[in-house]
Amino acid sequence: MEYTDILIDIRKIVRSINLESKRIEKEYGISIPQLLCLSYLKEKEEFKASHSELKVFLQLNASTISGLIRRLEKKGLIARLPKIGDKRVSYIVITAHGVDLLNKIPPLMHDRLTQKLQKLSDNELENLQQSLKQIVSIMDIEDIDAAPMITSGEPDGEV
């Protein structure tokens with residue numbers, strides 16, 4: 001195997017992530033981070049979370065989360081509910097429209113990959129992880145923050 005084969009495989013991974021992100025955006029009108037936000041809210045007790053909980057889950061900065069929430073609210077996919085007893089704090093809640101949209105979207109690459117990784121043996125997982133760590137080291141990108149989910153959205157960009 002030549003090193004160019006490895007570069008091509010890495011490019012295939014990056015390209016497939018970008019294509020999926022564009023397809024979801026085009027077909028359903030939301031970005032992958034917005035979709036992940038809706039999914040998170042759907043799984044939460046009472047379908048609600050605070051701004052800071054979403055920030056931690058999505059590993060995005062506060063202003064990016066605010067923009068994401070604003071766009072989802074404008075689309076009617078979430079709503080803000082004031083906290084009882086403290087009007088300064090509000091919860092983000094998924095709406096029925098948001099749940100309907102989630103039910104229409106097929107499983108993401110992230111979900112499919114997770115299912116397949118769970119089927120690997122411990123030894124296979126260890127080998128894969130070591131190989132990926134070596135690639136990260138070779139690329140000198142150990143210090144880049146990354147969420148444990150596959151998206152093409154940039155942490156500082158519009159999501």
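Between L60 and P33, the shortest heavy-atom distance links the atoms CD1-CB, 4.5 Å. Shortest non-hydrogen contact noted between E46 and V93 is O-CG1, 4.4 Å. Nearest heavy atom pair, residue L58 against residue C37, reads CD1-CB, 4.0 Å. Heavy atoms only, all atoms of each residue included: L102 and S39 are closest at CD2-OG, 3.5 Å. The shortest non-hydrogen separation linking E53 to S50 is OE1-N, 2.6 Å.
Transitive grouping of hydrophobic side chains (ILVMFWY, heavy atoms separated by less than 4.5 Å) brings L113 and L120 into a common cluster. Following chains of ILVMFWY side-chain contacts shorter than 4.5 Å, one can reach L117 starting from L132, so the two form part of one hydrophobic cluster.
A side-chain donor-acceptor contact under 3.5 Å links T95 to the backbone of G76. Listed for the K75 side chain is a donor-acceptor partner under 3.5 Å among the backbone atoms of G29. No side-chain donor-acceptor contact under 3.5 Å links Q115 to the backbone of R112.
Counting non-hydrogen atoms of other residues, nucleotides and ligands closer than 6.0 Å to CD1 of I84 gives a total of 12 or fewer. The number of heavy-atom neighbours closer than 6.0 Å to CZ of R15, taken from other residues, nucleotides and ligands shown, is 12 or below. Annotation: D122, atom CG; neighbour count of heavy atoms from other residues, nucleotides and ligands within 6.0 Å does not exceed 12.
Residues H51 and S66 meet the side-chain proximity criterion, which asks for heavy atoms closer than 4.5 Å. Counting only heavy atoms from C-beta outward, the side chains of I92 and L72 never approach each other to under 4.5 Å. Between L108 and E20 the shortest side-chain heavy-atom distance falls below 4.5 Å. In this structure the side chain of M109 reaches within 4.5 angstrom of the side chain of I17, judged on heavy atoms. At least one side-chain heavy atom of V14 sits under 4.5 Å from a side-chain heavy atom of N18. In this structure, the side chains of Y91 and R80 stay at 4.5 Å or more apart for every pair of heavy atoms. Counting heavy atoms from C-beta outward, V99 and L38 have side chains that stay 4.5 Å or more apart.
Atom CD1 of I78 and atom CD1 of I94 lie 9.0 Å apart (nearest 0.5 Å). How far CD1 of I32 is from CD1 of I105: 8.0 Å, rounded to the nearest 0.5 Å. Atom OH of residue Y28 and atom CG of residue L77 lie 14.0 Å apart, to the nearest 0.5 angstrom. In this structure, CD1 on I69 lies 5.5 Å from CG on L54, to the nearest 0.5 angstrom. The CZ atom of R70 sits 9.5 Å away from atom CG of L68, with the distance rounded to the nearest 0.5 Å. Note: I141 CD1 to I135 CD1 = 9.0 Å, rounded to the nearest 0.5 Å.
Scanning for salt bridge (Lys or Arg N to Asp or Glu O under 4.0 Å) contacts around R23 gives E27, with sequence neighbours left out. For Y40, the ring pair (Phe, Tyr, Trp, His ring centres under 6.0 Å) partners are F57, not counting sequence neighbours.
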(message) One pair to check against side-chain contact (heavy atoms from CB on, under 4.5 Å): R11 and I8. What are the steps and the verdict?
(response) CA-CA 5 Å; R11 179 67 185 131; I8 289 169; 5.5 Å; no
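In the model, E126 has a side-chain atom that pairs as donor or acceptor with a side-chain atom of Q130 under 3.5 Å. Looking only at atom types and distance, the side chain of T64 has a donor-acceptor partner in the side chain of N61 under 3.5 Å away. Between the side chains of E124 and S121, at least one donor N or O sits under 3.5 Å from an acceptor N or O.
Taking 4.0 Å as the cut-off between side-chain N and carboxylate O, K133 and E142 do not count as a salt-bridged pair.
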